[in-house]
Amino acid sequence: MAARKRKARAMAAGGAALWRRFSAWLPRGRLGLTALLGRLSDRLSRGRDRRTRRSSWLLLAPLLTPPIPVITAPPCSLCPEGAHRFQWIRNLVPEFGISSSHVKVLSSPAEFYELLKVQIKAAKQRVVMASLYLGTGLLEQELVDCLEETLEKSLQAKGSPDLRVSILLDYTRGSRGRKNSRTMLIPLLQRFPEQVRVSLFHTPNLRGLLRLLIPERFNETIGLQHIKVYLFDDNVILSGANLSDLYFTNRQDRYVLLRDSPEIADFFTELVDAIGDVSLQLQQDDTVQMMEGMVHPYQGDKVAYCEIANRRVMEVINSARTRQELLHAKTFHSSQAGSSLISQQGSQASGSLKPEPDTWIYPLIQMKPFGIQIDEMVTETLLTEAERDARIYLTTGYFNLTQAYMDLILGTRAEYRILLASPEVNGFFGAKGVAGAIPAAYVYIEHQFYSEVCCLQQQERVQLQEYSRAGWTFHAKGHHKRGPCLPAWDVLCLERPVVPRFCLCWTLLSPRGMWFGASGCTWQGVTCPA
């Protein structure tokens, strides 16, 4: 293991030169790919002189960031005191309140996989699954078989089956290879054409000559559908895991189950439907087509397509936000607001009650091609607000901070504990071709960042650790905060990539510590260079 680590770090030392060599190997005509690798090379070749120039004004970074959005909603006297400073987020996205007893954090890929199968088999009305892709192995086929079995039962139970299945994947990743996500799902479309919908999001940025020149796999660097949400009736699993065997066996990720949460399930159903409406629809013969009247993502006018997509997604966000504001006002500001229990709307005839909410969930949307950058705004605000005695935990499998995030981390007074993937647990470790150099590139970026930390003498405040576990890979991304202004409260932000992408993130504010753990792993600290 030690020898492998030395080898990986040796590769990192020549990261910039390595990327330039790969550029030279490209065949003529691959201009888009050459430009992409050129940008990576430029990023890797930044020197220490740049850090010296920036160090004098880094402490002004919080003053240069956008101000915190003005809070227009009235403060809630019944909400826990620690929640006040986060209520501004509900001016941007809907706020969902549930009881922490309905929240369960899963700890392992196997637990996640088994839960998926159980929830699919138990679904009666809806199954909505959004992921980057669906794998093609035996475990993935078993999931498809569970869907088929559940759909068959629904078909036999009534003349007009209630169960609807909606699946959203990325077009480029889901179409990779001869056997792919599409071929895995076509039998469902053929067998249950009225109940199953498969949407394939295609980024509007991959078009024209660029789309023709960039080969498979590399075209995924232009843009992806990166939402990971799995819901079954009123139960929702929020995760960063894809529907692939690695994520079911030995790739550490994070997974949060929200039980009996109809409002949250309705929101994510509407969101996936909205994105599906502006995506390519998979047909029974493995062709794709857009819905009637919809602008094509790469053949039609790009501006028109993005405007329509923005409007469609924002309608979902704003309508849900309005519904939740009305529910919040009714729940907390009615004459019966002092009650310890809240009546459950649509509850069973038995008159069952659900406990008072003590956990708040804010879904943060990042769809930069559509001009939606809510996650970026909230992340920068949270990092800007971080006070001296706060401690922020960041974790990512792919360390590549945006310049704004880097400046905020180096310029604020909060303590940071950043957990990264060691080269050996990076999902690209040992890959063939250009992809095999990706772990070394991330190590190089990590060392550049930590050299800045040491140059500013902040290594006590900003500490880096690497996740290492034999035979496993690391894919978890999150933001966890503890601070003096949040006694006995945690803020958990999942699916928060360090580089803004087309994705879904969420902030979960709860009285329980919900940060995931993993057994059998080691954490190695990163030290300053001599």
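- Side-chain atoms of Asp358 and Ser100 form a donor-acceptor pair, as typed in the model, at a separation below 3.5 Å.
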For this session: Applying salt bridge (charged side-chain N to carboxylate O under 4.0 Å, His left out), run through Glu263 and Arg323 and close with a yes or a no.
Result: CA-CA 9 Å; Glu263 294 89 0; Arg323 288 198 308 266; over 6 Å; no
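- Note that CG of Leu92 and CD of Gln373 are 12.5 Å apart. Values are rounded to the nearest 0.5 Å.
- For Arg251 and Thr473, the side-chain atoms include at least one donor-acceptor pair closer than 3.5 Å.
- Counting only N and O atoms by type, the side chains of Asp260 and His102 include no donor and acceptor under 3.5 Å apart.
- Note on Arg312 versus Glu307: no salt bridge recorded, every NZ/NE/NH1/NH2 to OD/OE distance being 4.0 Å or above.
- Between Asp170 and Arg176, none of the side-chain N atoms (NZ, or NE/NH1/NH2) sits under 4.0 Å from a carboxylate O, so this pair counts as no salt bridge.
- Side chains of Gln366 and Glu376: a donor on one and an acceptor on the other come within 3.5 Å.
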For this session: May I have the step-by-step check of side chain to side chain contact (heavy atoms under 4.5 Å, CB included) for Glu220 and Ile222, ending in yes or no?
Result: CA-CA 5 Å; Glu220 297 164 24; Ile222 304 303; over 6 Å; no
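- A donor-acceptor pair under 3.5 Å is absent between the side-chain atoms of Gln252 and the main chain of Asn250, judged by distance alone.
- Exactly one of Asp375, Asn310, Ile372 qualifies for a side-chain contact (heavy atoms from CB on, under 4.5 Å) with Met367. That residue is Ile372.
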For this session: Take His296 and Tyr305, measure what ring-ring contact (aromatic ring centres under 6.0 Å, His included) needs, and give me the verdict at the end.
Result: CA-CA 7 Å; His296 200 281; Tyr305 171 79; 8.4 Å; no
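- The pair Asp234-Arg126 counts as a salt bridge, with a side-chain nitrogen and a carboxylate oxygen less than 4.0 angstrom apart.
- For the residue pair Asn235 / Gln119, a side-chain donor-acceptor distance below 3.5 Å is found, with atom types taken as modelled.
- Considering only heavy atoms from C-beta on, Ser166 stays 4.5 Å or farther from Met129 through its side chain.
- Judged purely by distance below 3.5 Å, without hydrogens or angles, the side chains of Ser239 and Arg254 never pair a donor atom with an acceptor atom.
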Exercise. Yes or no on salt bridge (charged side-chain N to carboxylate O under 4.0 Å, His left out) for Arg164 and Asp273, after CA distance, side-chain angles and deciding distance?
Worked result: CA-CA 12 Å; Arg164 294 292 183 269; Asp273 283 346; over 6 Å; no
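- Expressed to the nearest 0.5 Å, how far CG of Leu282 lies from OG1 of Thr287 amounts to 7.5 Å.
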For this session: May I have the step-by-step check of side chain to side chain contact (heavy atoms under 4.5 Å, CB included) for Tyr230 and Ser131, ending in yes or no?
Result: CA-CA 8 Å; Tyr230 311 104; Ser131 180; 3.4 Å; yes
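- Using a 4.0 Å cut-off between a side-chain N of Lys or Arg and a carboxylate O of Asp or Glu, Asp233 and Lys124 do not qualify as a salt bridge.
- The aromatic rings of Tyr171 and His202 lie tilted to each other, with the angle between the two planes from 30° to 60°.
- Residues Glu95 and Arg321 are not paired through a salt bridge, judged by the lack of any N-O separation under 4.0 Å between the basic side chain and the carboxylate.
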Exercise. Should Phe112 and Tyr247 be marked as a ring-ring contact (aromatic ring centres under 6.0 Å, His included) after you check the CA-CA gap, both sets of side-chain angles, and the distance that decides it?
Worked result: CA-CA 9 Å; Phe112 169 61; Tyr247 297 90; 8.4 Å; no
Exercise. Side chain to side chain contact (heavy atoms under 4.5 Å, CB included) between Leu169 and Leu185: does it pass, once the steps are laid out?
Worked result: CA-CA 11 Å; Leu169 305 173; Leu185 294 170; 3.9 Å; yes
For this session: Decide side chain to side chain contact (heavy atoms under 4.5 Å, CB included) for Arg417 and His480; before the verdict, give the C-alpha distance in whole Å, the side-chain angles of both, and the deciding distance to 0.1 Å.
Result: CA-CA 10 Å; Arg417 301 295 181 264; His480 174 80; over 6 Å; no
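- Distance check, rounded to the nearest 0.5 Å: CH2 of Trp472 to OH of Tyr467 gives 6.0 Å.
- A donor-acceptor pair under 3.5 Å links the side-chain atoms of Ser319 to the main chain of Glu315, judged by distance alone.
- Separation of atoms CG (Leu115) and CD1 (Ile237) is listed at 4.0 Å; rounding is to 0.5 Å.
- We find that Glu148 and Lys153 are not joined by a salt bridge, their nearest charged nitrogen and carboxylate oxygen being 4.0 Å or further apart.
- For the atom pair Leu271 CG and Asp266 CG, the distance stands at 12.5 Å (nearest 0.5 Å).
- The residues Lys117 and Glu142 are annotated as salt-bridged, a charged nitrogen and a carboxylate oxygen being separated by less than 4.0 angstrom.
- Separation of atoms CG (Leu134) and OG (Ser181) is listed at 5.0 Å; rounding is to 0.5 Å.
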